[in-house]
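One structure is given below, encoded as structure tokens.
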Amino acid sequence: MATTGGSSVRVGPVPFKDVEHDGDMVTAVPERPSEEYVALVSALPCCTIAGMSNTKLCCYQGFWLPEGLAPAAAALQRRFEPRPSDVIVASLPKGGTTWLVALAFATLARRAHPPGSGDHPLRRLNPHQCLPFLEGMFISGLEGMLDALPSPRLMNTHMPLAMIPGAVPADGAGGGCRVVYICREPKDMVVSLWHYFRRVYPDLEFSEVFDIACDGTMLWGPFWDHILGYWRASVARPENVLFLRYEELLRDPAENVRRLARFVGMPFSAAEEEDGVVRGIVELCSLDSLRGMEANKAGYVDTRTKFPREALFRKGVTDDWKSHMTPEMACRMDDIVADKLRGTGLAFP
Ligand code: A3P
């Protein structure tokens, strides 16, 4: 357990899995979503993804959320109270979430858990077990556990920024917390998503995933609005939102880890640089390193959906879309993206 200055005061982030069932942590009795939220969801437009056993999505404030998470979005908007020291890792699925979750945990927790230590939490836990999944906590009525976590809290989410309004206050207002977003080239993200979904829905056609991505009816989509919400906030409030790109992380992971550390107010000291701490974090969180951990070879991302953890670690490259999309498909998606991003200052080269 992390402590500060030899005292027994707990400092975060603590590996969430280690405290999840800690008696001290449970301050709320799990509850089902209230009738109010159930009623809210039943009034929303819905659609289904045929190739995924008719998975149902509901459109909440312009975003297509998995049905079960729409009440969480409403609850988050109303009740989530960020602390100034909070760090939220945000992404779309297959945008590089797991990598950023691991890097953020290793960076923020490095004083209690040096990256080279044999008992580092990332050597025994899947990266997602180290952080609470924000919407998961709110849908399960476990948000009281968030209140009990020591600061700084490190959490992750796939929610659009609009669902966590307290994180980045409106123009001119102070407060909020820090959000680190990872964005990936959309064609590669869609290819990655299809490979992932196929692990549970082997008959799912690539064209179906491609079409829902282009239509905007992809989980947590439209992807362009998801990305733009965070992008615009990063431009307007760079002290609150750091916008990282998966391709840049691949190109220069160490420099991006330094950016992350500076952003969260924990820059690497000269002594840490000399001791190779940055290199240690990059190595610990590399695709090969994480893939090789026992905790990532077996088990499920969550026991309900049954996606195997090892499916989180596939190729980790750029331009994989070239082996899956026809030139017409690539052109269609590029045109959509260019149209949606025009004038925003964001582009995918
Ligand atoms: P590919 O399917 O293209 O290989 P997410 O974590 O958001 O679900 O994203 C998964 C994608 O990130 C997968 O992409 C996976 O291989 C890649 N990935 C996971 N861990 C990584 C790491 N440590 N370094 C680079 N890429 C990683």
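Just so you know, ligand 1 is whichever comes first in the structure, and atom 1 is the first atom listed for that ligand.
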For [X], atoms of ligand 1 separated by under 4.0 Å from a heavy atom:
X: Tyr246; result: 17 (C), 25 (C), 26 (N), 27 (C)
X: Lys315; result: 4 (O), 16 (O)
X: Ser286; result: 23 (N)
X: Ser192; result: 1 (P), 2 (O), 3 (O), 11 (C), 13 (C), 14 (O)
X: Thr97; result: 5 (P), 6 (O), 7 (O)

message = Is any side-chain heavy atom of Leu312 closer than 4.5 Å to one of His128?
response =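 Result yes, sub-4.5 Å side-chain heavy-atom pair found.
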May I ask you to say whether [X] pairs ionically with [Y], meaning some side-chain N is under 4.0 Å from a carboxylate O?
X: Glu185; Y: Arg245; value: no
X: Arg178; Y: Asp86; value: no
X: Glu239; Y: Arg237; value: yes

task = Give the residue and atom name of whichever protein heavy atom lies nearest to atom 22 (C) of ligand 1, and the separation in Å to one decimal.
result =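 Among all protein heavy atoms, the one nearest atom 22 (C) of ligand 1 is Trp99 CG, 3.4 Å.
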Shortest protein contact, atom 21 (C) of ligand 1 (heavy atom only) =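 Answer for atom 21 (C) of ligand 1: Leu287 CD1, 3.5 Å.
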query = Does a donor on one side chain and an acceptor on the other come within less than 3.5 Å for Tyr201 and Glu208?
reply =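 The criterion, which ignores hydrogens and geometry beyond distance, is not satisfied for Glu208 and Tyr201.
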Thr98 N/O under 3.5 Å from ligand 1 N/O =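 Yes, since at least one N or O of Thr98 sits under 3.5 Å from an N or O of ligand 1.
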query = Hey, does Gly316 come in under 3.5 Å of ligand 1, counting only N/O atoms on both sides?
reply =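 Yes, Gly316 has an N/O under 3.5 Å of an N/O on ligand 1.
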inquiry  = Under the side-chain hydrogen bond (donor to acceptor under 3.5 Å, both in side chains) definition, can you give me all pairs with a residue in residues 214-227, not counting sequence neighbours?
reply    =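 For residues 214-227, and leaving out neighbouring residues, the side-chain hydrogen bond (donor to acceptor under 3.5 Å, both in side chains) pairs sorted by first residue read Tyr181-His226.
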query = With respect to Phe243, which candidate in Trp231, Tyr230, Phe263 satisfies the ring pair (Phe, Tyr, Trp, His ring centres under 6.0 Å) definition?
reply =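 Exactly one pass, corresponding to Trp231.
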query = Are Gln129 and Glu20 close enough, and set up right, to give a side-chain hydrogen bond (donor to acceptor under 3.5 Å, both in side chains), and what steps lead you there?
reply = CA-CA 10 Å; Gln129 294 178 294; Glu20 203 179 2; over 6 Å; no
Residue-ligand contact Leu312/ligand 1, heavy atom below 4.0 Å =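 Checking ligand 1 against Leu312, which is what was asked, there is a heavy-atom contact under 4.0 Å.
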query = If you measure from atom 14 (O) of ligand 1 to every heavy atom of Arg184, His195, Arg314, Lys94, which option wins on shortest distance?
reply =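 The residue whose heavy atom sits nearest atom 14 (O) of ligand 1 is Arg184.
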